[in-house]
Number of protein chains: 2
Amino acid sequence: MTTVTRVPRGEARARLIEAARSLVRHRGFAATSVDELCAAAGVTKGAFFHHFPSKEALGVALVDDWTAMTGAMFAAHPYNTKADPLDRVFAYIDLRRELLGQPLPEFSCVAGTTVQESYETSPPIRAAAERSIRSGFDHVRRHLEEALAAHPVPGITADSLAQQFQVATQGGIILAKALNDPAPAREAFDHLERYLRLLFGR
Amino acid sequence: MTTVTRVPRGEARARLIEAARSLVRHRGFAATSVDELCAAAGVTKGAFFHHFPSKEALGVALVDDWTAMTGAMFAAHPYNTKADPLDRVFAYIDLRRELLGQPLPEFSCVAGTTVQESYETSPPIRAAAERSIRSGFDHVRRHLEEALAAHPVPGITADSLAQQFQVATQGGIILAKALNDPAPAREAFDHLERYLRLLFGR
DNA sequence: ACAACTATACCGACTAGTTGGTATGTAATC
DNA sequence: GATTACATACCAACTAGTCGGTATAGTTGT
């Protein structure tokens, strides 16, 4: 007697995205089949193609959901309340380092993983990844703008500095995957912090 | 009358790796089929499985070939002859920035792309990517060791600093792919150079 | 010098299983 | 009673990998 615990009506879409987030982080997008996705979500193919016109469309939805998820997480964090903008930036770095305590597939970035496979093959997914990455450095950019307004550094823009946060994040993840060790990802933030302290004279 | 220009005997293996390098950079490993690989190399499936026991084996060969290729390229470059180790490091950064002048798929890193898809699904490919990444920062590490010996910086090791070169490289590539623009990759090296100048007081 | 043998390099048809996607049906909800 | 939210059965195309065969190069005995 197999207990057919069905996914409650209305939850299929969310479950599919959840399953996709996990599977894509572990295996990548191309290597994850629609059938696997459905099995992991506890849903049939009918449900899949009811909610998404294609696998590609799920990819876009996945990345956009990721953008919203991470955005909400960073926006809700108490580090935003600190008075000094540079303190907020350093607290943000602390937060990112904390995230690296989880197992590797748990801190890997859905947008970063996805864009590697789709930047040429799927414009819609690439565009979604771009939105995600941009939203990522928009978070720090505001704090950096404030910090630079109070303490200008010649030749440095908030924009290009904010990009370095994503460079450290994404580069750190790849190193961690290649060396099978989260340490280099952590060190990437150590160096970024030191760089900022040198720039701002802290 | 179709001119069946056959690949000369003995070249099939090299052609397959060449084709793989190109296709993987454009589409990723999982999304590239063995049939596509053979077609691009101008070779049949018999040749493929004569030289490689599996698609995974080709992946390993591809990444190892990549390691040898890039290693030889950096080793042969004139920047190695400069007297001052830090000058060598800066010249290396210049070289990397120059490479970013090519179209995106041409400067993307085979190891970085591959490890994203295979770090959990294929231990042999992940191991090959690890070799590649390590060989990548071994190049700069020697120069950094010399530079640090002459001008020690408290709390900084050549190893962890060398890793930052790969972080900048890999992170820059992902940003470039996501934003569809090589500029952030170049800026990653600008910031890395400024960081080094601050650390070493140049 | 040449035939006989062996090993390597490659060809191309085939297969069993998987792929993304569809067509049609049915139960719940508005 | 119409729309939404699924389930099930199905399909053509493609997947990695196999297998019997052939063409070429190297080796060896005479």
Side-chain angles (χ1 to χ4, degrees), chain A residues 2-20 23-24 26-63 65 114 117-118 120-125 128, chain B residues 2-20 23-24 26-63 65 114 117-118 120-125 128:
Chain A
T2 38
T3 30
V4 187
T5 339
R6 273 213 188 151
V7 170
R9 192 182 171 89
E11 287 188 15
R13 197 193 132 99
R15 293 253 195 156
L16 278 165
I17 289 186
E18 215 175 307
L23 282 170
V24 166
H26 283 273
R27 301 205 236 295
F29 183 73
T32 302
S33 74
V34 174
D35 281 334
E36 281 176 310
L37 244 11
C38 294
V43 144
T44 61
K45 263 184 145 168
F48 186 103
F49 286 99
H50 172 72
H51 289 288
F52 308 103
S54 65
K55 191 191 171 189
E56 184 183 46
L58 166 91
V60 173
L62 164 66
V63 177
D65 177 81
T114 313
E117 302 181 65
S118 61
E120 264 206 332
T121 54
S122 168
I125 295 185
Chain B
T2 38
T3 29
V4 186
T5 338
R6 271 210 189 154
V7 169
R9 189 184 173 87
E11 286 188 17
R13 198 193 130 98
R15 294 253 195 155
L16 277 166
I17 290 186
E18 214 176 307
L23 282 170
V24 166
H26 282 273
R27 301 205 235 295
F29 183 72
T32 302
S33 77
V34 174
D35 281 332
E36 282 175 311
L37 244 12
C38 294
V43 144
T44 62
K45 266 204 155 144
F48 186 103
F49 286 100
H50 172 72
H51 290 287
F52 308 103
S54 64
K55 190 191 169 189
E56 183 183 45
L58 166 91
V60 173
L62 164 67
V63 176
D65 176 82
T114 313
E117 301 180 66
S118 60
E120 265 206 329
T121 55
S122 168
I125 295 184

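To find a chain, count down the sequence lines: A is the first, B the second, and so on, and within it residues start at 1.
- Taking CZ from B:R13 and CG from B:D65, the interatomic distance works out to 8.0 Å, rounded to the nearest 0.5 Å.
- A cation-pi arrangement is present between A:K55 and A:F29, with the terminal nitrogen or guanidinium carbon under 6.0 Å from the aromatic centre and inside a 45° cone about the axis.
- Atoms CZ and OG1, on A:R27 and A:T32 in that order, are 5.5 Å from each other to the nearest 0.5 Å.
- Listed pair B:H50 / C:dC10 fails the phosphate criterion, with no side-chain N or O lying under 4.0 Å from OP1 or OP2.
- When the nucleotides C:dG21, D:dA7, D:dT18 are ranked by their closest atom to the side chain of B:F49, D:dT18 comes out on top.
- Atom CD of B:E56 is separated from atom P of D:dA16 by 13 Å (rounded to the nearest Å).
- Between B:G59 and B:I125, the closest heavy-atom pair is CA-CD1, 4.1 Å.
- Atoms CG and NE2, from A:L16 and A:H51 in turn, are 7.0 Å apart once rounded to the nearest 0.5 Å.
- A search for ring-ring contact (aromatic ring centres under 6.0 Å, His included) contacts involving B:F52 returns B:F48, not counting sequence neighbours.
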Heavy atoms under 4.0 Å is the rule here; annotate nucleotides 9-15 of chain D 5' to 3' with B where the base is hit, S where only the sugar-phosphate is, and - elsewhere. ------B

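- A distance of 13.0 Å separates CG in B:L62 from CD in B:E56, rounded to the nearest 0.5 Å.
- Contacts with DNA chain D (heavy atom under 4.0 Å) in residues 9-18 of chain B: B:R9, listed by number.
- Looking at B:S118, its side chain never comes within 3.5 Å of a backbone N or O of B:T121 through a donor-acceptor pair.
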